[in-house]
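We number each residue from 1, following the sequence as shown.
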Amino acid sequence: MPGLTVFPPWPESVPAHPLLVIDYQRIKAGEEDEIDTLWKAATDLGFWYLKNHGVEEEVDGMFDMGAEVMGLPLEEKMLYEQGDDGISHGYKAAGASATDETGALDSVEFFNVSKDDALAWPVQVHRAYPPAVAARIPDVVIPFVRKSVEVNRTLISVLGDRLGLPDGAILRRHRTEEHSGCETRCIRSPPRPEGMIEDRAALGAHTDFGSLSFLHNRMGGLQVLVPGSNQWQWAKPIPGHAICNLGDAMTILSGGILRSNLHRIVPHQQNYTFHSGPYEPYFLFLPYRRLCSTPYHVPYENLVL
């Protein structure tokens, strides 16, 4: 299998932040103590591990697709480049953005497939994709997108209920049938010849702009900036556990109650320097496009739930 299917051992010398662990099946069952833990994670740090989510088989297929598409020649990948019109579906080459105030460029590649293109397949909604992606959309991408949407909708619905919002208020702003910026992303962070050091991020500090991210990380490299601290802390990959984090949209829709937290990618030197790079799949969940286009001309009380 070309995608990474094993978790390299975590170096004992590298400390990791203890993210809270949420059991998705217990959340679906409505168990209040588990919902309490989710609420704590969502309001304190905005990051948590998610186990028993049921998407592992689909994730393996996405790792395979990521390995194949990232192995294409650069000139072929650039035929599907995202462009400058603000749409992120397609390919982003390494070096397309700065990672810090010095202007150091990132070293991360992305390939993003729109949720809308996947679920409408073979009808094209936003853009075309290379054959390595198109051939896997029916059997790999669509199942991954459908299950990811289900997980994301379940989690944000529970958070909406805990916020005391009207029934279904959050989900009405995340309609699956509406066109949106939701997408699945394969990420590759290749090694640098000189090795990785913490003050040279592969992808600079940022918050996610969507509602909820659903990351399947096997190689490590994710760091979070814990509130009240100025020290970046590692988020250790755990077999069978996805890493979820809230984005800016949920902070806005909750009136600032839910937290979208700074994070970055810095693959560390001790263990990952000589790997060819992870092909990490994740799913980015956003409100539908008409809602995203309205913040500047609707009353605030109509936007914040």
Side-chain angles (χ1 to χ4, degrees), residues 7 10 16-60 143-176 182 207-208 210-218 220 222 224-228 233-263 280-287 305:
F7 287 67
W10 187 260
H17 184 75
L19 299 180
L20 293 175
V21 178
I22 309 300
D23 188 325
Y24 178 66
Q25 295 303 319
R26 294 186 64 196
I27 293 293
K28 284 184 68 177
E31 297 185 24
E32 286 298 325
D33 58 338
E34 197 71 5
I35 293 172
D36 289 343
T37 305
L38 173 61
W39 181 254
K40 178 174 175 57
T43 54
D44 286 356
L45 181 61
F47 274 79
W48 62 88
Y49 293 116
L50 190 71
K51 67 178 183 179
N52 295 328
H53 51 70
V55 193
E56 284 299 318
E57 182 177 348
E58 290 75 16
V59 168
D60 287 342
F144 178 73
V145 167
R146 290 194 183 281
K147 285 194 174 182
S148 298
V149 167
E150 178 185 353
V151 169
N152 279 259
R153 283 174 60 85
T154 298
L155 294 175
I156 67 167
S157 177
V158 167
L159 292 173
D161 291 343
R162 184 55 66 95
L163 284 164
L165 301 175
D167 187 42
I170 284 282
L171 291 183
R172 284 196 295 274
R173 285 149 178 85
H174 296 81
R175 298 188 184 107
T176 305
C182 295
T207 58
D208 288 350
S211 296
L212 184 63
S213 298
F214 185 38
L215 172 68
H216 305 275
N217 178 286
R218 295 176 179 176
L222 175 66
V224 296
L225 190 63
V226 177
Q233 299 184 35
W234 297 99
K236 175 183 175 180
I238 301 177
H241 293 61
I243 297 176
C244 294
N245 67 280
L246 294 170
D248 300 338
M250 288 297 283
T251 297
I252 294 170
L253 293 173
S254 68
I257 296 173
L258 301 177
R259 184 173 185 85
S260 177
N261 201 78
L262 279 171
H263 54 285
E280 297 170 352
Y282 96 139
F283 186 77
L284 177 64
F285 196 51
L286 291 96
L305 302 174

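Legend: residues meeting side-chain hydrogen bond (donor to acceptor under 3.5 Å, both in side chains) with Asn152, ordered by chain and number and at least two apart, are absent.
Looking at Cys244 and Leu212, their side chains come closer than 4.5 Å, going by heavy atoms from C-beta outward. A 4.5 Å side-chain heavy-atom check between Leu159 and Ile170 finds every atom pair outside the cut-off. Contact of the Tyr49 side chain with the Ile22 side chain is not registered, since no non-hydrogen atoms from C-beta on lie closer than 4.5 Å. Counting only heavy atoms from C-beta outward, the side chains of Val226 and Phe47 never approach each other to under 4.5 Å.
In terms of heavy-atom proximity, Leu20 sits nearest to Thr37 at CD1-O, 3.9 Å. The two residues Asn217 and Pro237 have their closest heavy-atom pair at OD1-CG, 3.0 Å. Heavy atoms only, all atoms of each residue included: Leu45 and Asn261 are closest at O-CB, 3.0 Å.
Checking side-chain atoms of Thr251 against main-chain N and O of Leu258 turns up a donor-acceptor pair under 3.5 Å. In this structure, Glu34 contributes its side chain and Arg26 its backbone to no donor-acceptor pair below 3.5 Å. Without hydrogens or angle criteria, Asp161 side chain to Asp167 main chain gives no donor-acceptor distance under 3.5 Å. In this structure a side-chain-to-backbone donor-acceptor pair under 3.5 Å is present from Arg173 to Ala169. Within the 3.5 Å criterion, the main-chain N or O of Thr207 finds no donor-acceptor partner in the side chain of Ser260. A donor-acceptor distance shorter than 3.5 angstrom exists from the side chain of Lys147 to the backbone of Gly54, with no hydrogens or angles considered.
Between His53 and Phe214, the distance from one ring center to the other falls under 6.0 angstrom.
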*Decide yes or no on side chain to side chain contact (heavy atoms under 4.5 Å, CB included) for Glu58 and Val145, but give the supporting numbers first.*
CA-CA 9 Å; Glu58 290 75 16; Val145 167; over 6 Å; no
*For salt bridge (Lys or Arg N to Asp or Glu O under 4.0 Å), just list the numbers for Glu56 and Arg218, CA-CA rounded to whole Å, side-chain angles, deciding distance to a tenth of an Å, and then say yes or no.*
CA-CA 12 Å; Glu56 284 299 318; Arg218 295 176 179 176; 3.8 Å; yes
*Go through the steps to decide whether Asp23 and Glu31 satisfy the test side chain to side chain contact (heavy atoms under 4.5 Å, CB included), and finish with yes or no.*
CA-CA 10 Å; Asp23 188 325; Glu31 297 185 24; over 6 Å; no
_Before you tell me yes or no, could you show the steps for His174 and Val149 under side chain to side chain contact (heavy atoms under 4.5 Å, CB included), namely the whole-Å CA-CA distance, both residues' side-chain angles and the distance that decides it to 0.1 Å?_
CA-CA 10 Å; His174 296 81; Val149 167; over 6 Å; no
_Show, in sequence, the C-alpha distance, side-chain angles and deciding distance for Phe283 and Val151, and conclude whether the side chain to side chain contact (heavy atoms under 4.5 Å, CB included) test is met._
CA-CA 10 Å; Phe283 186 77; Val151 169; over 6 Å; no
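Atom CZ in Phe144 sits 4.0 Å away from atom NE2 in His216 (nearest 0.5 Å). Here Ile257 contributes atom CD1 and Leu163 contributes atom CG; the two are 5.5 Å apart, rounded to the nearest 0.5 Å. Leu155 CG to Leu50 CG: the interatomic distance, rounded to the nearest 0.5 Å, is 5.5 Å. The structure places CG of Asp33 at 12.0 Å from CG of Leu38, a figure rounded to the nearest 0.5 Å. Atom OG1 in Thr154 sits 9.5 Å away from atom CD in Gln25 (nearest 0.5 Å). Rounded to the nearest 0.5 angstrom, Thr176 OG1 and Arg153 CZ are separated by 4.5 Å.
Each salt bridge (charged side-chain N to carboxylate O under 4.0 Å, His left out) pair with one or both residues in residues 233-251, not counting sequence neighbours, would appear here, but there are none.
Checked against His241 for a side chain to side chain contact (heavy atoms under 4.5 Å, CB included), the options Leu19, Val21, Asn52 give a single hit: Val21.
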